[in-house]
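See structure below.
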Amino acid sequence: MPPKRKAAAQAAPAPSKAGRTSALSTPGPATPRSLDSSMMSEADDDFDEDVSEAQKQREDGLGVEAEQFVQVFDLSSKRFQGKNEKRTDSVTSFFKNGERDFHYLPLKPDHQRRPLYIEPTQGLIFLERWSPRGKQATDFLVTIAEPVSRPKYIHEYKMTAHSLYAAVSVGLTAKDILTSLDGLLKTEVPQSIRSFIEEYTMRFGKVKLVLKGNKFYIESVDEKMLARLLNDEIIGPLRVHTSGDGEGLTVTTAPKMGGLVIPGTQNAAGVHQANLKAGGAEPAANEGELYATLNEEDDDDKEAVHAFEIPDHAVETVQKRCLELGMPILEEYDFRNDDQNANLEIDLRPNTQIRPYQEQSLSKMFGNGRAKSGIIVLPCGAGKTLVGITAACTIKKGVIVLCTSSMSVVQWRQEFLKWSNINPDDIAIFTAESKNKFSGNTGIIVTTYSMVTNSRERSHDSKKMMDFLRGREWGLMLLDEVHVVPAEVFRRVISSIKSHSKLGLTATLLREDDKISHLNFLIGPKLFEANWMELSQQGHIAKVQCAEVWCPMPTEFYDEYLRANSHMKRTLYAMNPSKFQACQYLINYHEARGDKIIVFSDELYSLKQYALKLNKVYIYGGTGQAERMQVLQNFQHNPNVNTLFLSKIGDTSLDLPEATVLIQISSHFGSRRQEAQRLGRILRAKRRNDEGFNAFFYSLVSKDTQEMYYSAKRQTFLVDQGYAFKVITQLANLDKTPDLAFATAKERRELLQRTLVDNEKGGEEDVENDDLFGKPVRRAGGRRGGGVRRTAGTLGELSGGQDMAYIEQNKGANKTLKKQAKAQQNTFFKKIAREKERVRTGK
DNA sequence: TATTGGGCAA
DNA sequence: ATTTTTGCCCAATA
């Protein structure tokens, strides 16, 4: 890896040493001693660690390690920050403690032509997007920093440990980064940033984990680095001594690279051109320089590579330990020189062309002619699957694809067959239903995370399959929806199946817990993240208008809301009649425009009530497989079915047909991921190329309830992606909606009572029996309602006998509704059956 | 073959 | 300022 070696030479100046010495005397309070000292040892080559401390550490989960690691390496830590001499003057006093005052950083004379500011204590970078060099700066920042917020004008990025790790992993050196940064910054590069970059690039990417002949090796061009690892009291003993190599390291030479071709690129001309092309039309002086290093490897192909072997079970331990030592292991797969594993007959179909941003993300992965492990973040509908397939077609070795549900397993297989020329016998599915292997000696297996991680008693076939999966080497592991992996159970996948490279795909690298950073060492750095706004401007995904509709709660609802327990609260703000009206109005409006509408409600009771009242089809977890298909097909093809109600089942486990409008009436607390995922459902809209076409995303919120808070939180991710939420407090001509529901006070009171009654009974025989399809539903009365402890007395006080009569009436109305739905539905089904028949016989 | 319960995530 | 229930998946059961 010549570029990296050069980096080491250039990036080890005296000042960083001074920085470390000063840090030694002031370890952060939350910083474990062992971590701190091990990090320091980089300077003076000694590993005087407290052994018991280290033992304890080993027992801790990887997660804890990662968090500590991040703390120690944080830019805001003292050892980086000591180095700014802050000056104070007459203005400083206006800032609190002078803390956020950075005007001591002098502007360069030509600062107006430079688009970037950098904040020296957090590594925040601000980009003036309108600058003529805005595009160039964006490309640079995407490589070295994490996007934080990208609204219209000023974009915010953050340079972090992980982002620099990613930069190094695509072959950049400290010098590359500093030169480009300096060129784009309005100020000089602050000293803290300079040492931060230098120290990181020096440490990162030097040690690699490679799989050779089903054995794992730790590899580096830097012999001293390996010696240091072998001296470590955790890694050292784990080394496998193969016969003949004695105490010396295995030495091989890095093979020469030829021009790698990523299939599907416009002229399939390989990485170098792909990179130049990715630079776009603008003159990209810096960028050209930047990417030139990616291919520098060709220069000296006699590079000696040192390695030692470690056993399979130690991989996790070693990865963890190297992380502690501040030298995270990078995984690279030199697939073109792998003749141990059989090649897979696979290529993209000849006329397939991948989009520029897909190409860009793949060129990050294959930047140096090898397959790097990492994560690619693309919004839903932007073609994540095709990126994965193209990666598989580039590597041409055995592939294992992991998905979240068996639905997407089937889809992935179909996509593979659609985009590539893979022999259908070579791509097999491993789920509860199907446990076939591929016929040849290599191929593709598509399966789910839970299939692979399940540790309980398994059927004989599954066991055999698992042994098969575990027993061989895979060229590529594709991890769909990779944000689920950090969960305790799912991370077991990483160690149980041996793969040379891993590619994680996701739309939202977000979780409400802090485990997302674990992906950086479980899989690899984030290689690429698309800018949603940019993609929608280019017409790859739909343009979306987002709105939050504020629905006032009628007083009687609000009173009840204040008294209710948390579940009832959720039900009540979903059942808010104003919300219902707003929903009805929006459905009306958009159906008239010819839109396809999806309504999401996490709250099952309201989901069913809304759907029944409005006579729309709905799907939730209890809906049987066949019905789901029928409803979905109707929604897709039947011009009379334009609105579909969905529970959160629609978030992950359904392959939804495309819709153009999305209405949210109830959602899962403040989950930003859910919000983003749901928005993603309308990004595919095909009509996006029509002039002025917009998709719509409405979030209905009951005023003055918890929903307001959650809603704001949920939106933050989308706002950071550049979406602007309009707040609507009044819908124009709402009252002109035909058959507007709950228009009278009496109806509203009824609704409230019915809601209370139905939910009190524990849902025993509530709407479940009015299921559109009359099918018995699992867990109908089950765990729900345990906590509801309302007495009949409370209800009596509220209602009065008169209103009880209306409840009866309403039940009758529901039944009529159901009959209608059934009658209607029968015609749909016939139609669908005919259609199916046509498709079948036609082909 | 359909249903049920356990485990897990969000 | 925080949560609960829901849904998925598998394997066992009748």
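In this text the structure is predicted, and so the values were computed from the model without any measurement. Convention: sequence-line order gives letters A, B, ...; per-chain numbering from 1.
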Provide, to the nearest angstrom, the distance between the [atom1] atom belonging to [X] and the [atom2] atom belonging to [N].
{"X": "A:D602", "N": "B:dA10", "atom1": "CG", "atom2": "C1'", "value": "10 Å"}
{"X": "A:F669", "N": "C:dG7", "atom1": "CZ", "atom2": "P", "value": "14 Å"}
{"X": "A:K515", "N": "B:dA10", "atom1": "NZ", "atom2": "P", "value": "8 Å"}
{"X": "A:L510", "N": "B:dA10", "atom1": "CG", "atom2": "C1'", "value": "13 Å"}
{"X": "A:E627", "N": "B:dA2", "atom1": "CD", "atom2": "P", "value": "12 Å"}
{"X": "A:Y710", "N": "C:dT2", "atom1": "OH", "atom2": "C1'", "value": "5 Å"}
{"X": "A:M451", "N": "C:dC8", "atom1": "CE", "atom2": "P", "value": "17 Å"}
{"X": "A:R714", "N": "C:dT2", "atom1": "CZ", "atom2": "C1'", "value": "15 Å"}

*asked:* Taking Watson-Crick (N1-N3 plus N6-O4 or O6-N4) and G-U wobble (N1-O2, O6-N3), each under 3.5 Å, can you produce the dot-bracket string of DNA chain C? Use [ ] for crossing pairs and | for inter-strand ones.
replied: ....||||||||||

*Has A:K608 got its NZ or CZ under 6.0 Å from the middle of the six-membered ring of A:Y618, at an angle within 45 degrees of the ring axis?*
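Here A:K608 fails the 6.0 Å and 45° test against A:Y618.
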
*Please list, chain by chain and in numerical order, all residues satisfying salt bridge (Lys or Arg N to Asp or Glu O under 4.0 Å) with A:K579, sequence neighbours excluded.*
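Here the qualifying residues are A:E707.
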
*Is the shortest side-chain N to carboxylate O distance from A:E146 to A:K526 below 4.0 Å?*
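Yes.
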
*asked:* For the backbone of A:F430 and the side chain of A:T447, can you confirm whether one donor and one acceptor N or O come within less than 3.5 Å of each other?
replied: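 Looks like yes, one N/O pair under 3.5 Å.
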
Can you tell me if [X] touches the phosphate of [N], counting only side-chain N or O atoms and a distance under 4.0 Å to OP1 or OP2?
{"X": "A:S405", "N": "C:dC9", "result": "yes"}
{"X": "A:S647", "N": "C:dG7", "result": "yes"}
{"X": "A:R673", "N": "B:dA10", "result": "no"}

Nearest to the [X] side chain among [options], which nucleotide is it?
{"X": "A:H668", "options": "C:dT2, C:dT4, C:dC10", "result": "C:dT4"}
{"X": "A:T448", "options": "C:dG7, C:dT4, C:dC10", "result": "C:dC10"}
{"X": "A:F490", "options": "C:dT6, C:dG7, B:dA9", "result": "B:dA9"}
{"X": "A:L604", "options": "C:dC10, C:dT6, C:dT2", "result": "C:dT6"}
{"X": "A:A487", "options": "B:dA10, C:dT4, C:dT6", "result": "B:dA10"}

_Measuring only between side-chain heavy atoms, which start at C-beta, is A:K616 closer than 4.5 Å to A:I587?_
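In contact.
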
*Compute the centroid of each ring, for A:Y710 and then for A:Y573, and state whether the two points are separated by less than 6.0 Å.*
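They do not qualify: ring centres at least 6.0 Å apart.
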
*When only distance counts, do a donor and an acceptor, one from the side chain of A:Y620 and one from the base of C:dT6, lie under 3.5 Å apart?*
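Answer no: no donor N or O sits under 3.5 Å from an acceptor.
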
*asked:* Tell me whether the rings of A:F645 and A:Y610 are parallel (<30°), tilted (30 to 60°) or perpendicular (>60°).
replied: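 Because their plane-to-plane angle lies in the 30° to 60° range, the rings of A:F645 and A:Y610 count as tilted.
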
